[in-house]
Amino acid sequence: MSSQFQAPKGVSEYFPPRSNAFEYVVRTLTSPALAAGYEPIELPIFEDTELFTRGVGESTDVVSKEMYTFEDRGGRSITLRPEGTAGVMRAVIEHNLDRGQLPVKLFYKGPFFRAERPQAGRYRQFYQFGIEAIGVNDPQLDAEVIAIAYQGYKRLGLTNFTLHITSLGDAESRAKHRTALVSFIEKLDLDEETRSRAAKNPLRLFDDKRSEIQSKMHSAPLLMDFLNEASKENFVAVKKALTAVGVPFEVNPRMVRGLDYYTGTTFEFVHSGLGAQSGIGGGGRYDGLMATLGGQNLSGIGFGLGIDRIILAMETEGISLTSMKYTDLYVVALGERAREESFVLVNQLRNQGFVVEQSYGERALKGAMKAADKSGARFAIVIGDAELSSGSIELKNMATGETVSVTLSGLAQTLAEKSRLL
RNA sequence: GUGGGCGUAGCUCAGCUGGUAGAGCACCCGGUUGUGGUCCGGGAUGUCGCGGGUUCGAGCCCCGUCGCUCACCCCA
C-alpha cells in the first residue's frame with residue numbers, strides 16, 4: 001500500500017475503467033468542431049516563458065504565481081503551458097497560417113499546467129479541449145464557437161449546466177468603463193490585498209466570492225452599460241444567432257475571465273454539481289492578442305473546455321462512464337491444441353474488425369466464463385477438443401444466456417449479423 | 001501562500017474510556033469432468049502513513065513529520 005513512488009502532487013490521472021470516459025469525452029467534444037470545419041493542431045507543451053507573460057498578461061494570477069517555469073540547458077526560460085491560446089497564436093504567426101483563407105479554424109487537446117494548490121476539480125496538470133477561429137470578426141463566428149461547445153456538452157449527456165455570456169466591448173467602451181469603475185473602487189473601504197488586486201485589474205472585484213466584497217460591488221458600474229453603439233449591436237447579433245440555433249444563455253454582466261487578452265464576447269459554462277470549481281469551460285474573443293505577439297492585427301475567438309471537470313460533472317449527473325468499453329466476443333479455449341487453434345481464430349476475427357478478447361493459460365472454465373462476463377463481451381464461445389473435431393460451437397449471448405450452434409467457419413458471418421440486429 | 005478534515009486489506013470503511021487487527025465488496029478455489037450473473041462453502045491479503053514519546057501494554061493518548069482531501073485567493 002505504501003508504494004515507493006507517488007504521482008506528483010495535484011495531477012489528474014486516468015486508468016481503467018475511468019480512462020475509457022476520458023477518451024470518449026475528448027472524441028465527443030471533437031465531433032462538433034469537425035462538423036464545423038476545424039482542423040487539428042498539435043503543439044509543444046512547453047514554450048518560451050515570454051510568450052505567456054506577454055500574451056496572457058503579467059497582471060494575471062496565472063502568470064504571476066501559477067506558472068511552471070524553469071531554465072533549460074541553454075539558459076532559456078521555459079514554461080509549461082498554462083493555457084492554449086497563446087501557443088496557437090504563436091504557431092499561426094510563426095508558420096504564416098493566417099496568410100491564406102480566413103478564418104483559420106483549429107482545435108487542440110492535451111495537458112496544461114498551473115502550480116496551484118489542488119482541490120476538487122483543480123489540478124496542477126489538467127486537460128483541455130479547445131478551438132480557435134482566427135482572422136474574422138463576425139458575430140456568427142462568436143455564436144458558432146459557443147454552439148460547438150454547447151453541442152459537445154449535450155452530446156455527452158450533460159444537462160445541469162448554464163452558459164453565461166457577456167460583452168467586454170471594444171477598446172473605447174472598456175476605457176470609459178474602467179475610468180468609472182476605478183473611481184468607484186477608490187471610494188470603497190478595502191483591505192490592502194484586495195486593493196492591489198483591483199489595481200491590476202479592477203474587473204476582478206466582480207468575481208470575488210467574499211460576501212462583503214460582493215455587497216460593496218453591488219452598485220458598481222457595469223461594463224455592459226458603457227458599451228458604445230457598435231459594441232452593443234455586435235452583442236445583440238451574437239445573442240440573436242445563439243437563440244436562432246437553440247443555444248440557451250444567461251447574460252451575466254458581472255462575469256470576469258482570468259486572462260487579460262479577452263475583448264468583446266466572452267462566455268463561461270458553469271455546472272451546478274461541482275463544488276467550488278464549477279467552470280467546465282469558457283472563452284471569448286481576443287482582438288489584440290495576435291498583434292501583441294508580433295503578428296498581424298487579426299481578431300480571434302476560441303474556448304477551452306476542462307476535460308477533468310467535464311468527467312466530474314458527468315459523474316455527478318449519473319451518466320454511466322464505465323460501460324464505454326465494448327467487446328463483441330470472448331473466447332475461452334480448453335486444452336493445449338484448442339488454445340493454439342483459438343489463438344489463430346481470435347486474431348482472424350480481430351483483423352476482420354471485431355473486438356475480441358480471450359482467456360489465457362489453463363483456467364477453470366468457471367473462472368474463464370466469469371472473466372468473459374466481466375469483460376462486458378456480448379457473446380462468448382468455448383473451444384475444446386469436442387468443438388475442434390465437430391467444427392461446431394455454441395455461441396452464447398451473455399445478456400440472455402441463450403446459445404446457438406454455429407460452425408467455426410461461419411462464426412464471423414453470424415457475429416456480423418447479430419451485431420447488426422443490436 | 002492561508003485555513004479545516006482525513007491517513008487501518010486491492011476498494012469502501014468499522015474498531016468502545018488504551019488490552020492479542022475486523023466487515024462488506026473485489027480476487028482465487030470448490031459445490032456443478034465443459035458454460036458467467038444469484039446462492040452456499042473454503043482461501044490469500046495488512047510495516048494500522050512515517051518517526052519519536054507516555055504506558056506493563058498504543059490503531060486508539062501526546063509531539064513531530066509526510067501524504068491526501070476540501071475551502072479561500074484564482075481558475076479549466
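Keep in mind that what you see is a predicted model, and the values were worked out from it rather than measured. Labels below follow one simple rule: chain letters A, B, ... track the order of the sequence lines, proteins then strands, and each chain is numbered from 1.
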For [X] and [N], what is the distance between atoms [atom1] and [atom2] respectively, to the nearest whole Å?
X        : N     : atom1 : atom2 : answer
A/Arg117 : B/G4  : CZ    : P     : 11 Å
A/Glu394 : B/U35 : CD    : P     : 11 Å
A/Glu132 : B/A76 : CD    : P     : 12 Å
A/Glu13  : B/U69 : CD    : P     : 11 Å
A/Ile383 : B/G34 : CD1   : P     : 18 Å
A/Leu329 : B/U35 : CG    : P     : 18 Å
A/Asp61  : B/C72 : CG    : P     : 14 Å
A/His164 : B/A76 : NE2   : C1'   : 15 Å

Of all the nucleotides listed ([options]), which has the minimum atom distance to the side chain of [X]?
X        : options             : answer
A/Val382 : B/U35, B/G67, B/A76 : B/U35
A/Met369 : B/C68, B/G36, B/C73 : B/G36
A/Ala386 : B/C73, B/G34, B/C75 : B/G34

Indicate whether OP1 or OP2 belonging to [N] is found under 4.0 Å from a side-chain N or O atom of [X].
X        : N     : answer
A/Lys396 : B/G36 : no
A/Gln119 : B/A71 : yes
A/Arg204 : B/C75 : yes

So [X], base contact, sugar-phosphate only, or nothing? Heavy-atom distance under 4.0 Å.
X        : value
A/Arg114 : base
A/Glu66  : sugar-phosphate
A/Ala120 : sugar-phosphate
A/Ile280 : sugar-phosphate
A/Gly384 : base
A/Gly121 : base
A/Ala115 : nothing
A/Asp385 : base
A/Tyr330 : nothing

Handout entry: Heavy-atom donor-acceptor pair, A/Gln125 side-chain to B/A76 base, under 3.5 Å
Key =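 Flag unset: no donor-acceptor pair detected.
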Exercise for the section: Determine whether any donor atom in the side chain of A/Glu387 lies under 3.5 Å from an acceptor atom in the base of B/G34, or the reverse, and answer yes or no. Expected result: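 For A/Glu387, whose side chain was compared with the base of B/G34, there is a donor-acceptor pair (under 3.5 Å).
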Side chains of [Y] and [X]: any donor to acceptor distance under 3.5 Å?
X        : Y        : answer
A/Gln125 : A/Tyr68  : no
A/Thr79  : A/Thr69  : yes
A/Arg285 : A/Ser299 : yes
A/Glu357 : A/Thr327 : yes
A/Ser392 : A/Glu387 : no
A/Asn234 : A/Ser231 : no

Handout entry: 5′-ward residue of the pair A/Gly10/A/Ala399 relative to RNA chain B
Key =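 Whichever sits nearer the 5' end wins; that is A/Ala399.
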Practice task
Starting from the 5' end of RNA chain B, give me the residue, A/Ala371 or A/Gly304, whose nearest nucleotide shows up first.
Solution key: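 Going by which nucleotide is closer to the 5' end, it is A/Ala371.
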Could you give the distance separating [M] and [N] at their [atom1] atoms, to the nearest angstrom?
N     : M     : atom1 : result
B/C39 : B/U32 : C1'   : 13 Å
B/C11 : B/C56 : P     : 37 Å
B/U45 : B/C68 : P     : 30 Å
B/G22 : B/C48 : P     : 14 Å
B/G46 : B/A21 : C1'   : 9 Å
B/G10 : B/U17 : P     : 28 Å
B/U20 : B/U33 : P     : 45 Å
B/A9  : B/C16 : C1'   : 22 Å

Which nucleotide, if any, forms a Watson-Crick or G-U wobble pair with [N], using both distances under 3.5 Å?
N     : answer
B/U45 : none
B/U17 : none
B/C61 : B/G53
B/U2  : B/A71
B/C39 : B/G31

Handout entry: More than 12 heavy atoms of other groups within 6.0 Å of A/Tyr14 OH
Key =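 Atom OH in A/Tyr14 is crowded, with more than 12 foreign heavy atoms closer than 6.0 Å.
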Between the protein and nucleotides 28-30 of chain B, list every N/O to N/O distance that falls short of 3.5 Å.
| residue | atom | partner | partner atom | Å |
| --- | --- | --- | --- | --- |
| B/C28 | OP1 | A/Arg363 | NH2 | 2.7 |

Practice task
Indicate whether A/Phe126 forms a stack on B/A76; treat it as stacked only if centroid distance is below 5.5 angstrom and interplanar angle below 30 degrees.
Solution key: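 It does: the two rings, one from A/Phe126 and one from B/A76, meet the stacking criterion.
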Exercise for the section: Would you please indicate yes or no on a ring centroid separation below 6.0 angstrom for A/Tyr127 and A/Phe22? Expected result: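 Yes: the rings meet the under 6.0 Å criterion.
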Practice task
Not counting sequence neighbours, which residues clear ring pair (Phe, Tyr, Trp, His ring centres under 6.0 Å) with A/Phe267? List them please.
Solution key: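 None.
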Practice task
Over all heavy atoms of both residues, which pair between A/Gln119 and A/Gln277 is shortest? Give the atoms and the distance, please.
Solution key: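 For A/Gln119 and A/Gln277, the tightest heavy-atom pair comes out as NE2-NE2, 2.8 Å.
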Practice task
Kindly say whether A/Val62 contributes a backbone atom to a donor-acceptor pair with the side chain of A/Arg114 at under 3.5 angstrom?
Solution key: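 Checked: no pair found.
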